[in-house]
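For reference, the structure discussed in these notes is given below.
Treat the numbers as computed from the prediction; the structure is a model and nothing was measured.
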Amino acid sequence: MNPTHLTADLNETQLAVVTAPTGPILVLAGAGSGKTRVLVHRVAWLISHEGVSPHAVLAVTFTNKAAGEMRGRIESLLGGPSGTLWIGTFHGLAHRLLRLHWREAGLPQTFQILDSDDQLRVVKKVVRAMELDETRWSPKELVYFINAQKDEGRRPKMLADEGDQTRQVMIKVYAAYEEACRRAGVVDFAELLLRSFELWRDQPDLLAHYQHRFGHVLVDEFQDTNAIQYQWVRLLAGPKSIPFVVGDDDQSIYGWRGARVENIHKYQRDFPGTTVFRLEQNYRSTATILNAANTLIANNSGRMGKTLWTDGARGEPIRLYAAFNERDEADFVITQIREWIRQGGKREECGILYRSNAQSRVLEEALLVARIPYRVYGGQRFFERAEIKDALAYLRLVSSRIDDASFERVVNLPTRGIGAKTLETVRDYARAQGCALWQASAATIAGGTLGPKGAQSLHGFLTLIERLAKETSGMPLHEQVDKVIHLSGLIDHYRKEKGERGEARVENLEELVSAANGYSPEEGSDLAPLESFLAHAVLESGEGQANEWEDSVQMMTLHSAKGLEFPLVFLCGLEDGLFPHQRSVNDIGGLEEERRLAYVGVTRAMRRLYISYAEQRRLHGIDQFGMPSRFIAEIPAELIEEVRPRVQVSRPLYSSRSGDTSGSRDTRKIEEPSHSSGLRLGQRVRHKKFGDGVILRLDGQGQGAQVEVNFERLGRKVLMLAYANLEPI
Ligand code: ATP
Ligand code: MG
């Protein structure tokens with residue numbers, strides 16, 4: 001291959017990184033400076049110039065999407081398929097390893113992956129079985145505890161209760177949960193990593209094999225590795241292979257999930273002789289956007305310190321929109337996207353980013369109404385929808401009878417007269433015998449411990465699954481899926497559900513058949529298509545909305561936007577309490593992590609950036625009145641241009657109190673967030689009798705002017721502005 005093809009478009013430092021002599025390397029650099037780019041080029045360089053076989057390379061990326069892009073970029077650089085190169089997320093690679101070595105890892109061959117929903121369900125069951133009070137022992141917190149232990153590589157037996165009774169119970173739950181997973185042949189996300197780590201740690205021959213094979217281990221987004229991921233890399237790299245990691249401490253945003261930015265320092269200690277490179281030129285964003293990001297992140301303390309500059313154009317100002325509410329915000333986004341497309345832009349160049357998953361629904365609805373195709377990454381994804389999970393549960397049972405979570409999910413769905421009492425007997429039996437619910441069902445039916453009706457219905461269910469397994473065996477995947485959703489009764493069940501909702505569910509189920517039809521297992525995988533598809537369903541952030549090939553707007557949480565870039569970016573919902581998140585505002589560490597998240601958000605934008613906040617937002621069914629996020633104020637004002645809201649308010653509102661009843665109507669749009677009368681929508685005000693509240697509406701003029709206020713204690717009230725004597729607070 002032509003070396004200039006490979007090294008063209010690299011600056012001097014980037015070139016030095018790509019062509020550096022083999023040895024441990026750390027690239028520490030800010031957003032958009034080409035870290036991912038040098039990692040990709042490094043792989044291509046090793047293969048084409050250093051004679052390294054693709055077989056000897058393992059590259060870890062942060063998302064499946066990034067892995068796909070990296071494979072594409074490497075292949076286009078190499079001008080051919082990258083074949084046996086291992087590339088993927090930590091979870092994806094760990095899963096691959098466990099599939100290959102399930103026996104050594106002590107797993108059943110058909111082991112299934114538990115997603116976070118299923119995990120919570122299993123923990124709930126454990127809590128109930130242990131007869132703990134759920135209000136005191138919150139299953140959610142227990143899940144958090146369990147995952148945190150796993151992320152640190154700790155099994156229950158390694159934990160001491162330190163004389164603390166609470167901790168003692170938590171450890172017991174953890175142990176019981178492990179046992180439940182073992183019985184059901186399932187592993188959760190954290191388990192994938194821990195289990196594959198232990199596999200290597202405890203099987204020196206196997207480890208030696210992989211150390212020998214993977215002479216080169218490359219890790220992107222290194223700042224967000226947790227303890228176990230770090231140990232995983234360290235073990236694999238061992239004395240034989242050479243690690244190459246890139247990261248940015250300012251983009252560490254997974255501290256809440258156990259990520260350790262200190263791993264950057266640790267790496268340098270653990271791999272003596274590490275060469276550290278710093279990239280300082282940003283190629284992604286306009287000077288305005290970069291400037292905003294740099295100023296924002298400068299508010300954080302304890303940074304490793306980096307310089308980031310661009311010789312690019314100053315570009316457009318950042319536009320700030322104060323929306324009246326979340327719908328207005330969504331409409332604004334739609335208008336701007338339409339404008340972008342009118343100017344010849346593509347939909348896929350638009351990224352809509354938000355702090356919380358729940359924000360996506362309103363935006364999605366607006367996009368649907370506007371008939372703009374979009375895709376949502378992460379969050380309520382296709383594969384997480386209830387009806388899809390029902391169908392997957394059937395498929396999982398067809399594939400592995402001992403999957404208890406799936407059993408529980410569909411044993412009586414659609415209703416087939418299997419009552420709570422019957423199930424309780426089955427559960428008791430399973431618990432006592434340490435077997436799966438499937439075996440317990442068969443045994444309790446045979447043993448006559450169930451009522452005749454329960455026994456008959458349960459028998460019907462077992463027969464149904466066996467029949468599905470028999471009739472679908474050997475069928476093409478999509479026909480298997482089709483058969484299962486029909487014979488299980490799911491389609492009929494959801495068809496009966498009234499209205500659009502039921503319809504949408506049936507459509508989703510049908511979409512699952514298309515998804516199966518379009519699915520091709522990973523190269524070199526020797527899993528049966530169904531097993532492979534089921535694993536894919538859990539691992540992949542389902543991308544069920546627009547077709548893969550269709551030009552569509554990209555939507556995602558800020559957390560899943562890491563590493564990506566878009567010419568046009570919307571940062572939505574910049575309200576204190578939402579972003580920074582309420583949980584973090586009182587904790588400096590948490591606040592700094594939120595700020596890094598904001599830094600990640602701003603630095604995704606290449607050419608145009610919109611920031612919006614809503615004065616009133618309905619989220620999780622509750623109306624909230626937020627102040628603009630403090631992060632907005634941390635961006636230099638001269639880089640921001642406020643977009644005029646479309647809400648029109650008649651002018652002499654306050655002045656009418658001072659006797660000015662001229663009624664001269666001024667309908668100019670509000671230019672600044674605060675109205676000249678001193679009052680504005682969303683403003684907090686105090687009323688002598690009613691207390692504090694927020695202005696929802698300002699109407700009319702002069703003596704007739706009205707104001708609607710949502711009072712904290714009393715709710716909404718419409719008042720005559722002239723007599724309300726509202727005091728801004
Ligand atoms: P992040 O921290 O957000 O992950 P990064 O450091 O990984 O960013 P890249 O995504 O690799 O940065 O690069 C950012 C953008 O700059 C990409 O579009 C990339 O193609 C471009 N780029 C990087 N280096 C150069 C270069 N030398 N010449 C031209 N463009 C470049
Ligand atoms: Mg990157």
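Note that CZ of Arg327 is 10.0 Å distant from CG of Leu363, once rounded to the nearest 0.5 Å. Atom OG in Ser285 sits 8.0 Å away from atom CE in Met606 (nearest 0.5 Å). Separation of atoms NE2 (His41) and CG (Leu46) is listed at 13.0 Å; rounding is to 0.5 Å. Rounding to the nearest 0.5 angstrom, the gap separating the CG atom in Asp151 from the CG atom in Leu193 is 7.5 Å. In this structure, Leu571 CG and Ile611 CD1 are separated by 5.5 Å, a value rounded to the nearest 0.5 Å. The line from CG of Leu308 to CZ of Arg278 is 12.0 Å long, rounded to the nearest 0.5 Å.
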field: Verdict with supporting geometry, Ser33 and Glu280, side chain to side chain contact (heavy atoms under 4.5 Å, CB included)
entry: CA-CA 6 Å; Ser33 59; Glu280 302 192 328; over 6 Å; no
- request: Please test Leu367 against Ile352 for side chain to side chain contact (heavy atoms under 4.5 Å, CB included), starting from the C-alpha separation and ending with a verdict.
  value: CA-CA 11 Å; Leu367 286 159; Ile352 308 180; 4.2 Å; yes
- request: Start with the C-alpha distance between Asp250 and Arg303, add both sets of side-chain angles, then the distance that settles salt bridge (charged side-chain N to carboxylate O under 4.0 Å, His left out), and finish with yes or no.
  value: CA-CA 7 Å; Asp250 287 333; Arg303 302 170 57 213; 2.7 Å; yes
query: What do the steps show when you test Asn263 against Thr225 for side-chain hydrogen bond (donor to acceptor under 3.5 Å, both in side chains), and what is the final call?
result: CA-CA 7 Å; Asn263 284 341; Thr225 46; 3.1 Å; yes
task: Please lay out, stage by stage, how Phe244 and Val219 fare under the test side chain to side chain contact (heavy atoms under 4.5 Å, CB included).
output: CA-CA 6 Å; Phe244 176 104; Val219 186; over 6 Å; no
Step-by-step side chain to side chain contact (heavy atoms under 4.5 Å, CB included) determination, Arg96 to Trp86: CA-CA 10 Å; Arg96 190 163 175 179; Trp86 274 36; 3.3 Å; yes
field: Worked check of side-chain hydrogen bond (donor to acceptor under 3.5 Å, both in side chains) between Thr36 and Asp220
entry: CA-CA 7 Å; Thr36 304; Asp220 198 0; 2.9 Å; yes
message: Under the criterion salt bridge (charged side-chain N to carboxylate O under 4.0 Å, His left out), I'd like the reasoning laid out for Lys562 against Asp224: C-alpha separation, chi angles, the key distance, then a yes or no.
response: CA-CA 11 Å; Lys562 217 167 58 151; Asp224 269 329; 2.5 Å; yes
- request: Using the salt bridge (charged side-chain N to carboxylate O under 4.0 Å, His left out) rule, take Arg604 and Glu565 through it: C-alpha gap first, then chi angles, then the decisive distance, then the call.
  value: CA-CA 5 Å; Arg604 297 311 96 196; Glu565 59 188 23; over 6 Å; no
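Residues Asn291 and Arg314 fail the side-chain proximity criterion, which asks for heavy atoms closer than 4.5 Å. Side-chain contact between Glu349 and Phe566 is absent, with no heavy atoms from C-beta onward closer than 4.5 Å. You'll find the side chain of Met304 reaches within 4.5 Å of the side chain of Ile264, heavy atoms only. Residues Ile341 and Arg347 form a side-chain contact, since some pair of their non-hydrogen atoms from C-beta on lies under 4.5 Å apart. Between Ile242 and Val217 the shortest side-chain heavy-atom distance does not fall below 4.5 Å. Counting heavy atoms from C-beta outward, Ser629 and Tyr613 have side chains that stay 4.5 Å or more apart. Considering only heavy atoms from C-beta on, Val27 comes within 4.5 Å of Ile25 through its side chain. In this structure, Thr13 and Gln281 have side chains that are not in contact, with every pair of non-hydrogen atoms separated by 4.5 Å or more.
A salt bridge links Asp248 with Lys306; the closest basic N to acidic carboxylate O contact falls under 4.0 Å. Using a cut-off of 4.0 Å between Lys/Arg side-chain N and Asp/Glu carboxylate O, Asp270 and Arg234 are scored as salt-bridged. Under the 4.0 Å criterion applied to side-chain N and carboxylate O atoms, Lys346 and Asp551 are not assigned as salt-bridge partners. A salt bridge does not link Arg319 to Glu642: none of the charged nitrogens lies less than 4.0 Å from a carboxylate oxygen. Between Glu329 and Arg617, at least one side-chain N (NZ, or NE/NH1/NH2) sits under 4.0 Å from a carboxylate O, which counts as a salt bridge. Between Glu348 and Arg375 no salt bridge is recorded (no basic side-chain N to carboxylate O distance below 4.0 Å).
Applying the ring-ring contact (aromatic ring centres under 6.0 Å, His included) rule to pairs touching residues 573-599 yields Phe579-Phe631, sequence neighbours excluded. Within the structure, ring-ring contact (aromatic ring centres under 6.0 Å, His included) contacts touching residues 269-314 (residues at least two apart or in different chains) are Tyr267-Phe271.
When each of Glu152, Gln229, Gln223 is tested with Arg260 by the rule side-chain contact (heavy atoms from CB on, under 4.5 Å), just one qualifies, namely Glu152. With Phe570 as the fixed residue, the ring pair (Phe, Tyr, Trp, His ring centres under 6.0 Å) test singles out one of Tyr321, Tyr610, Tyr374: Tyr610.
For Gln359 (side chain) and Arg355 (main-chain N/O), a donor-acceptor pair under 3.5 Å exists by modelled atom type. Counting only distance, with no hydrogens or angles, the side chain of Glu634 and the backbone of Thr295 share no donor-acceptor pair below 3.5 Å. For the pair Arg213 (side chain) and Val57 (backbone), a donor-acceptor distance under 3.5 Å is absent. Here the side chain of Thr335 pairs a donor or acceptor atom with the backbone of Asp331 at under 3.5 angstrom. Here the side chain of Arg607 pairs no donor or acceptor atom with the backbone of Thr286 at under 3.5 angstrom.
Taking the six-membered ring for Trp and the full ring otherwise, the centers of Trp45 and His49 sit less than 6.0 Å from each other. Proximity of the aromatic rings of His559 and Tyr254 is defined here by a centroid distance below 6.0 angstrom, and this criterion is met.
Ala292 and Ile635 make their closest contact through CB-CG2, 3.6 Å (heavy atoms, listed as atom of the first residue, atom of the second, distance). Among all heavy-atom pairs drawn from Pro24 and Pro272, the shortest one is CG-O, 4.1 Å. Closest of all the heavy-atom pairs between Leu564 and Met556 is CD1-SD, 3.6 Å. Closest approach of Val602 and Ala293 over heavy atoms only: CG1-CB, 3.8 Å. Nearest heavy-atom pair across Glu575 and Ala614 is OE2-N, 2.7 Å. Of all heavy-atom pairs between Leu558 and Val600, the closest is O-CG1, 4.2 Å.
By the neighbour-count criterion of 12 heavy atoms within 6.0 Å, atom CD of Glu638 is densely surrounded, having more than that number from other residues, nucleotides or ligands.
With no hydrogens or angles considered, no side-chain donor-acceptor pair links Glu221 and Thr61 at under 3.5 Å.
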